[in-house]
Asker: 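This structure is in structure tokens; I'll ask about it shortly.
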Amino acid sequence: MVSWIESNGDFSQLSGAERLKAESKGLYGALPEDLAQPVDHFSEEGAGILKFHGAYQEDDRDARKERKKLGQDKLYYMMVRTKFGGGKITPEQYIWCDEFATRYGQNDMRATSRQDIQFHGVPKSNLRRLMHDLNVLAHISTLGACGDVVRNTMASPVADIDPRYVDLGFDAVRLAQEINARAFPKTQAYYELWINDHAVHVNPDGSVTFDRPPTPQEEEDPLYGKTYLPRKFKIAIGADFDNSVDLYTNDVGIMAVTDHDKIIGFEILAGGGLGFSHGREKTYPRLADHVAFVSYDEIWPIVEAIIHVQRDWGDRTDRRQARLKYTVDRLGLETFVGKIYEYAGRTFAPPRGVKPNDHPDFLGWHKQSQPGLNYVGVWVECGRIKDYPGSHQFKSGLRRIVEKFRVSVRITPDQNLILANIRDEDVAAVQDLLDEFSIPTDQNLPRIRRKEMACVALPLCNLATTEAERVMPEVMRGLVAAGFGDEDVVIRMTGCPNGCARSSACEIGLIGKGTNRYVLAVGGDYLGTRLNQVLYPSIEFKDIVPTISKLLSLWKAARKPEEHFGDWAYRVGVDHLRKQLENGVITDQTT
Ligand code: SRM
Ligand code: SF4
């Protein structure tokens, strides 16, 4: 392992990604040449830098086999990710997103687990137009939504409207927006490539002609330096009464600590992250440690210091070991905290060890702090805002409501939406439209489905080893049909162990292990402060519903009053649970 400091700028010791970043001349890389080509995909170098601009190159994996047979190349599409601090979107922005999804993408939108909107299925020929219009028409940036920089900062999506927050005088959404603003990479490439209307032409085939060659940037990024960060870096803001953002799974968590309805300070957590690789013990999910207790004015100084410690001391040789969580473990917590002080040029008060005591989902109708206004949390199946034939009409219905009532939209950390600023006199009409388009709130929705999450996975995610978003509804419907609809259990599924739906930090995690196979992990807590443990290292999709049903039955028979499933499973232990399940339900337990 070699950090940036230790490398002395000698790239021969570092991973290829480091050279790519350093030689990108301020995040241009091969993008100008790639954009100029009338072809349907980017070069590897171009795609690597494209991420920093908020877009990923993907392909339709369902079509791969058939196309290969026909001797055709992959069917490429781009994914474009926005960056909405705290998930807050104006009505105009929402309507533009809806419009662009139809105009440039696959006619749906994804509400992500970090409170963003994603566009899938965007052909390369539409990419420049989409990025341009997002910025120029909708005032939405995608800069730094992906790549080795600070990603979208999460925050409780009701922090500026819910009395509990507003009475405290703490607008976590605004703080998230401010952190995003401070952490945008300072690059003119983004503006020249996507926004600039002068001397840039988009040809009818979607290729881009630059009248003059884009100007390479000489100066280094003031926050990140020449090679940006070793890896992605995630920040979330919550409160002791609201861990909806899953603070502990972030590189940095900022938790407002309250006493008698007043904020007495902010607990800073560092070193969380969930991704791991099956069979590689050096990789693991990890929850953040408590590192300091600070005042509001000290938040950015400590966050900036942590970013700088990671920039200089994170592993630059092996990207699997490059997240802050590994830096913390390698340095040791004490040395890590010492480095934070060194980079900040001061010390901070030690943490108080305060833990969150709630994990709200915001579904249903709520009074806002602002008199006469209301917000409603609506459920979106696995975050996919689209119209399902004969079922939920999420896309049309939400657009109609936003257009008619100009509601402010927020994306929740569990891939649902909040519609805000609804006047008292409009509540009934909005509810009528939700009913007309089959969009559930906390009504018409089994309890067990409120907090479900599944990641994108197949067909578009490059790293998926199996399904998630497309099969999670079947699992959940199966559990409802088995009689568990009223249970309040957090179940999440991902198509690989990267953990994009935070599947290691929930009560029941289903973690992709290969075609139609999943790790089944249990015993994480409802509040998101404990990781789950492997119960079975590989079960088949068909065994998921019977196995979870059996587990839920055992829990219901043996739980203490009010005991959540995760706490019960943790108390009983996975070894004991396995024994209890040895009655034929589990048909296959291969490792
Ligand atoms: Fe993620 C990579 C989708 C939240 C951990 N994630 C990916 C990529 C870009 C696949 C790739 O690298 O080729 C996926 C794109 C699929 C697609 O078409 O959208 C992808 N991640 C997502 C989203 C869309 C899942 C969703 O369905 O909501 C989420 C977008 C969030 C956003 O708006 O910014 C998303 N990803 C997460 C989270 C959850 C979180 O941040 O709260 C995690 C776990 C926390 C963490 O970071 O440890 C997460 N994604 C990963 C990892 C593992 C990183 C690691 O260092 O361990 C990868 C793989 C990687 O980076 O190499 C990854
Ligand atoms: Fe893709 Fe894996 Fe993330 Fe799911 S968890 S979106 S399969 S990288």
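In this chain, numbering begins with 1 at the start of the sequence shown. Just so you know, ligand 1 is whichever comes first in the structure, and atom 1 is the first atom listed for that ligand.
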Asker: Would H392 and W379 count as a close aromatic pair, with their ring centres under 6.0 Å?
Answerer: yes
Asker: Counting only heavy atoms not in R174 (residues, nucleotides, ligands), do more than 12 fall under 6.0 Å from its CZ?
Answerer: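 Count not over threshold, so no.
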Asker: With a 4.0 Å heavy-atom cut-off (strictly under), which part of R319 contacts ligand 1: side chain, backbone, both or neither?
Answerer: neither
Asker: For H359 and D246, test the side chains for any donor-to-acceptor distance below 3.5 angstrom and give the result as yes or no.
Answerer: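 Side chains of H359 and D246: pair found under 3.5 Å.
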Asker: With heavy-atom distances below 4.0 Å as the criterion, list the atoms of ligand 2 near G499.
Answerer: 5 (S)
Asker: Can you tell me if R517 and T515 form a side-chain donor-acceptor pair at under 3.5 Å?
Answerer: no
Asker: Please work out, at 4.0 Å between heavy atoms, whether the side chain, the backbone, both, or neither of F276 comes within that distance of ligand 1.
Answerer: neither
Asker: Are any of the N or O atoms of C461 closer than 3.5 Å to those of ligand 1?
Answerer: no
Asker: Do K386's NZ or CZ and the ring of Y388 fall within the cation-pi criteria of under 6.0 Å and 45°?
Answerer: yes
Asker: Mind checking whether G499 has a heavy atom under 4.0 Å from ligand 1?
Answerer: yes
Asker: Tell me the protein heavy atom at minimum distance from atom 3 (Fe) of ligand 2, and give that distance in Å.
Answerer: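 Result for atom 3 (Fe) of ligand 2: C500 SG, 2.2 Å.
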Asker: Could you tell me if the ring centre of Y248 sits under 6.0 Å from that of H290?
Answerer: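 Yes - the distance between ring centres of Y248 and H290 falls below the 6.0 Å cut-off.
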Asker: Under the ring pair (Phe, Tyr, Trp, His ring centres under 6.0 Å) test against H41, which residue among Y56, Y77, Y76 passes?
Answerer: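 The option that passes is Y76.
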Asker: Side chain, backbone, both or neither: which part of R231 comes within less than 4.0 Å of ligand 1 when only heavy atoms are counted?
Answerer: side chain
Asker: Out of A111, G275, G54, C146, whose heavy atom sits nearest atom 57 (O) of ligand 1?
Answerer: G275
Asker: Among all protein heavy atoms, pick the one closest to atom 4 (Fe) of ligand 2 and tell me residue, atom and distance.
Answerer: C455 SG, 2.3 Å
Asker: So with a 6.0 Å cut-off around CZ of R129, is the heavy-atom count from everything else above 12?
Answerer: yes
Asker: Examine ligand 2 and decide if any of its atoms is less than 4.0 Å from a heavy atom belonging to A468.
Answerer: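 Heavy atoms of A468 never come under 4.0 Å of ligand 2.
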Asker: What part of Q115 sits under 4.0 Å from ligand 1 if we count only heavy atoms: the side chain, the backbone, both or neither?
Answerer: neither
Asker: Tell me the contacting part of C496 for ligand 2: side chain, backbone, both, or neither, using a 4.0 Å heavy-atom threshold, strictly below.
Answerer: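 Both parts.
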Asker: Looking only at distances, can you tell me whether any N or O atom of T249, backbone or side chain, sits closer than 3.5 Å to an N or O atom of ligand 1?
Answerer: no
Asker: What I want to know is whether A145 and ligand 1 share at least one N or O pair that is separated by under 3.5 angstrom.
Answerer: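 No; the residue has no nitrogen or oxygen that sits under 3.5 Å from a nitrogen or oxygen of the ligand.
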Asker: Once you round to the nearest 0.5 Å, how far does CZ of R399 lie from SG of C97?
Answerer: 11.0 Å
Asker: Side chain, backbone, both or neither: which part of R81 has a heavy atom under 4.0 Å from ligand 1?
Answerer: side chain
Asker: Could you tell me whether M453 approaches ligand 1 through its side chain, its backbone, both or neither, with non-hydrogen atoms closer than 4.0 Å?
Answerer: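 No part of M453 is near ligand 1 at this cut-off.
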Asker: Consider only side-chain N and O atoms of D543 and Y518, and report whether a donor and an acceptor are under 3.5 Å apart.
Answerer: no
Asker: Can you tell me if an N/O/S atom from C500 lies under 2.8 Å from atom 1 (Fe) of ligand 1?
Answerer: yes
Asker: Measure from the ring center of F11 to the ring center of W4 and say whether it is less than 6.0 Å.
Answerer: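 Yes: the rings meet the under 6.0 Å criterion.
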Asker: Nearest to atom 1 (Fe) of ligand 2, what protein heavy atom do you find, and at what distance?
Answerer: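 Looking only at protein heavy atoms, the one closest to atom 1 (Fe) of ligand 2 is C461 SG, 2.2 Å.
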Asker: Number the atoms of ligand 2 from 1 as they appear, then name those within less than 4.0 Å of a heavy atom of G495, with their elements.
Answerer: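 What qualifies from ligand 2 is 4 (Fe), 7 (S).
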Asker: Please determine, by modelled atom types, if R320 and S277 share a side-chain donor-acceptor pair under 3.5 angstrom.
Answerer: yes
Asker: Between R323, K234, E58, which one has a non-hydrogen atom sitting closest to atom 43 (C) of ligand 1?
Answerer: K234
Asker: Would you kindly specify which portion of N152 sits under 4.0 Å from ligand 1, judged on non-hydrogen atoms: side chain, backbone, both or neither?
Answerer: neither
